[in-house]
Structures are given as structure tokens and as C-alpha cells.
Amino acid sequence: MIRNIALIDCNNFYVSCERIFRPDLQKTPVVVLSNNDGCVVSRSNEAKELGVKMGQPWFECRALSEKHNILALSSNYPLYADISNRVMNILRSYSPIHQVYSIDECFIDLTGISKTREISYQIRERVIKWTGIPVCIGIGPTKTLAKLANFIAKKHPKSKGVFNYNDLSKIQQQKILNCIPVNKVWGVGHRLSTQLKESGINTVEDLKTAHIPTLRKKFSVVMEKTQRELQGVTCFNLEDITPNKKQIISSRSFGKSVSNINTLKDAVCTFVSNATEKLRSQKSHASVIHVFLKTNRFKVDQPQHMPSLAIRLPQPTNSSLTINRWSNHLLKKIFRPEYSYKKAGIILCEISDIHSQQVDWIESATSGDSKLMTTLDRLNQRFGRGTIKISAQGFYKEWKMKQERKSPSYTTDWNSIPRV
DNA sequence: TCTCCGATTAGAC
DNA sequence: CTAACGGTCTAATCGGAGA
């Protein structure tokens, strides 16, 4: 039996989230910027039409934006996460087999359900009605083909937001795959598509029908799996449980360059709070800590320094206090006062489950932080992130991000809702 | 020569 | 006025060190 895998993808997600609370922006060009108001990470259709590129540095668009009055907003991640949850809750209700793939995408298995097309239109209508977010739906026998179908649904207005690859005849399937360039395939990015083209593989159909041994020789196993998926054979399953993270990174570019160690300590302390909170929320411990610094790689004329250092702890931990002490130690070792740093971060790895941890009764005294951490997480969850901080955090603020275009936190902060 | 492991690469969004 | 360019995550593969 041919499976009906549906991929539901929100249109221009961050921009659509912003528009929920600004209906006046419905037909106007809008973009959402990355941290530090650096690059464009979401564009409305109008902004796309004006030629704003995905990932483009915002300062490069300035002339264009002034000419056409493009509205640029700083990103507001708590808002997007909240809206995403609402959308996903609706989608989940349509099938017990589902996978939330990213903040704006979800696979659901509609195999065995009759009237797939009608159901798909119902999903679209319900999501827009209940959340205000427009979505497109692609259906195919595998995840890779569902992704491709979604691409077609997005691109062709005629599809009205739904495209079912399984509805096509073999001839029609071949015809359409012949029209789509390989780089649209899930897993084929910029580099691989260039290499594929060198081998004469230009379209999706070319990849689907390419000679496997040749393909395998030149590319990795992933390419082979991708090809099988294009042929309709499942290689990537729907994973309904999200596995725990194997590494947790917290890093940020600074609003301006920093050469003061105290400011860096402050930033690192915030990264530690951030990362350990995630660590604790998945009930894990980490054994290895990396700390790194980076100068501004775009300033070619300035001396570059990108040091990094790691340490393995004698005992896995999730205490922000313990991890902060070690991070500071590492930071002091790699820091050079003669450089101006633009970015810093920490990486927690060798992450293990709390229960699988070996109990060392000699060291067990050090886990006395755990009750404190639980309390800290509860308070921060209840009264807002940053209510309780480590004392080393928050005094030297010069590193903080630039966010000059942020919309109010409509769904996560009562005070930002306008009073009537 | 083999194995292990950290570093690098490529991709997604 | 000028300068301004993201963050997290995974898997596969590479390449050097040591067995």
C-alpha cells in the first residue's frame, strides 16, 4: 500500500506570526531579522518579490527597503514558539503518527484515510481560522516526496495550497520531476547540487533515475537514501518521539565588539544559564564543556582570534553553578586582551541520562545543587526567564544584542496587550 | 594496517 | 555620521595518532 505522508509547512512563518497582531501588514512587504538585527530570516511574499534574499544582511537591503517601505522587525522567538505550539496541537489531532519536524513544519501520516484532499483543505482552513497562520500541504509516499510536493504546493497558486503527488499518474510524476532542479530536494544543498550538476544530474528525475553505484562512489549514503525516497521507498521514518539532545550550544554575537574579560564572563554566564536550563529540562547531565570566542570574521583587516578550549568534568552535572565555574576557568585561559571579540559561546556535550549515571558516593555531595536548580527553574518558568540569575550574571551588559525593531510580546506578556 | 576520536563538512530551518 | 553579516542541531566523513 502506498503511504500518504503529509508535510504541513507554515508560510513565511515568522512574518505570519507578526501579522497576526498587525493585520494592517497583511499586504505590505515585511521581513523578520535574525539576532542583532543582522540578516533577513523570514520574508513576506511582497518582500520576496522585491528581491530581498533569504539570509541577506539587512544593511545590504537598506536602499531597497527605503525605496519600497519594507518593514523590518527584530525576531521574537517566544512569540513564534507559542504560535507554533498552537499550530502543532491542531495538526497532531489529525493523526496519531506525526512528527514535529521544526518550528514551522510537521509530518503527519494520513495513510488509510479516504478523501486525503478534502482533509487537507480542512486542515488548512482550521489552522488559519484558529491561529491566523497560513499553511501549505504536500503529500507523497515518502517524507522526501512529501517535502517536494509541499514545494510545488507553495510555488503554484493553482494548487490552492495542497499538492498530492500520489494523485498523479506515473507519466505525470515523471513530467513534474523533470521540471524541478535537484537543489529543491530535501538533503541536497548548495554544494551537493553543484557536484551533482557536474555529473550531469540536473533535475529531480535525473537524480531519481541515476546509476546507483556511480552515485554511491561519488556521494554519501545519504544521497543513496534520498534517491530511494524519490523512488517511493521509505528510508526516513516518521519519528514521533523527539530524542534528547546530544549536544547543547548557547552562543551569541555581541551588539558591539568586546575586549573586556568581565563582559565576556557576564556573557558566558548567561550562556551557561541558558544551556543548563535546557539540559535540566530534558533531565540530562553533561560531562564535557567547551568555551569559545570569535573575533569579527567580516573585518578582514583586523587580527583574528578564534580560540576554544574544552574540559571533561570528573562527574557529569547539570548545575549552572558548577558549569559556570569551569566555563570561567576555560574563558580565562583562552582570553587575550589584545583582541576584540564579536562572539562567544559554550557547548555542552557527552550528555547522559540522569538515571543511567554511575553513582559515585564520594562525589555525591556535589549534586547538592540539584534542589536549588529545580527551584531556580520553577521560579524562572513562573515569573519569566531571568527572574533568578547567578550573581556573576547581568552586571556587564555591553555585550547584549541589538534589537531595535521588536514587536511587543503579545502572547507571552500580558502587559504588552493594548488596553481598550 | 586497523581503530578510535576529534575536527571538518554539509545540510536543515 | 558611519558601520552594520544568525543560531542550533545532526550525521557522515576525513585524517591523524596510537595500538
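Every chain is numbered from 1 and lettered A, B, ... according to where its sequence line falls, protein lines coming before strand lines.
Remark: of the listed residues A/Ile311, A/Leu309, A/Ile334, A/Asn328, A/Ile334 is the sole one forming a side chain to side chain contact (heavy atoms under 4.5 Å, CB included) with A/Val291.
Across C/dG6, B/dA10, C/dC9, the shortest atom-to-atom separation from the side chain of A/Arg191 is found for B/dA10. Considering only the side chain of A/Phe298, C/dC5 comes nearest among B/dA10, C/dC9, C/dC5. Of the candidate nucleotides B/dA10, C/dC5, C/dA12, C/dC5 has the atom lying nearest to any side-chain atom of A/Cys39.
Between the CZ atom of A/Arg62 and the C1' atom of C/dA3 there is a distance of 10 Å, rounded to whole Å. Here the C1' atom of nucleotide C/dG6 and the CG atom of A/Asn35 are 6 Å apart, to the nearest Å. One interatomic measurement links the two molecules: CD1 of A/Ile249 to P of B/dA7, which rounds to 14 Å at whole-angstrom precision. Atom-to-atom, NZ of A/Lys143 to P of B/dG11 comes out at 18 Å; the value is rounded to the nearest Å. Per the geometry, CE belonging to A/Met223 stands 15 Å off C1' belonging to B/dA12, to the nearest Å. Note: CD1 (A/Ile351) to C1' (C/dT8) measures 12 Å, nearest angstrom. Distance, A/Leu348 CG to C/dC9 P: 9 Å, rounded to whole Å. Taking atom CZ of residue A/Phe292 and atom C1' of nucleotide B/dT8, one finds them 15 Å apart after rounding to whole Å.
Among the atoms of the strands shown, only primed sugar atoms or phosphate atoms (P, OP1, OP2) are found under 4.0 Å from some heavy atom of A/Leu192. Using a 4.0 Å heavy-atom criterion, one finds that A/Asp37 contacts no nucleic acid atom at all. In this structure, A/Lys256 reaches neither bases nor backbone, as no heavy-atom distance under 4.0 Å exists between it and the strands shown. Across all strands, A/Ile248 comes closer than 4.0 Å only to sugar-phosphate atoms, never to a base (heavy-atom distances). Among the protein residues, A/Ser250 comes within range of the sugar-phosphate backbone only, with heavy atoms under 4.0 Å from sugar or phosphate atoms but none that close to a base. Among the heavy atoms of the strands, none lies under 4.0 Å from A/Phe13. Within 4.0 Å (heavy atoms only), A/Glu105 reaches sugar-phosphate atoms of the nucleic acid but no base atom.
Residue A/Ser34 places no side-chain N or O under 4.0 Å from the OP1 or OP2 atom of C/dC5. The side chain of A/Asn36 places no N or O atom within less than 4.0 Å of a non-bridging phosphate oxygen (OP1 or OP2) of C/dC5. Regarding contacts with the backbone of C/dC5, every side-chain N or O of A/Lys343 stays at 4.0 angstrom or more from both OP1 and OP2.
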Query raised in the report: How far apart are the C-alpha atoms of A/Phe163 and A/Phe151, what are their side-chain angles, what is the distance that settles it, and do they pass the ring-ring contact (aromatic ring centres under 6.0 Å, His included) test?
Result: CA-CA 9 Å; A/Phe163 190 87; A/Phe151 167 76; over 10 Å; no
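With a cut-off of 3.5 Å on both pairing distances, the Watson-Crick or G-U wobble partner of B/dC2 is C/dG18. Nucleotide C/dT2: unpaired (no Watson-Crick or G-U wobble partner with both distances less than 3.5 Å). C/dT13 is paired with B/dA7 under the criterion used here, namely a Watson-Crick or G-U wobble arrangement in which both key atom distances are under 3.5 Å.
A salt bridge does not link A/Lys283 with A/Asp353: none of the charged nitrogens is closer than 4.0 Å to a carboxylate oxygen. In this structure, A/Glu125 does not pair ionically with A/Lys160, as no charged nitrogen and carboxylate oxygen lie closer than 4.0 Å. With respect to A/Lys27 and A/Glu46, no salt bridge is recorded, no charged nitrogen being found less than 4.0 Å from a carboxylate O.
Map A/Val221 and A/Phe59 each onto its nearest nucleotide of DNA chain C; the residue landing nearer the 5' end is A/Phe59. Summary of the strand contacts: A/Gly38 and A/Ser251 both lie near DNA chain C, and taking for each the nucleotide with the nearest heavy atom, the more 5' one is attributed to A/Gly38.
Using a 3.5 Å distance cut-off with no hydrogens or angles, the side chains of A/Gln122 and A/Tyr94 do pair a donor with an acceptor.
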I'd like a table of atom pairs between the protein and nucleotides 3-6 of chain B - only N or O on both sides, under 3.5 Å - with the distance next to each one.
none

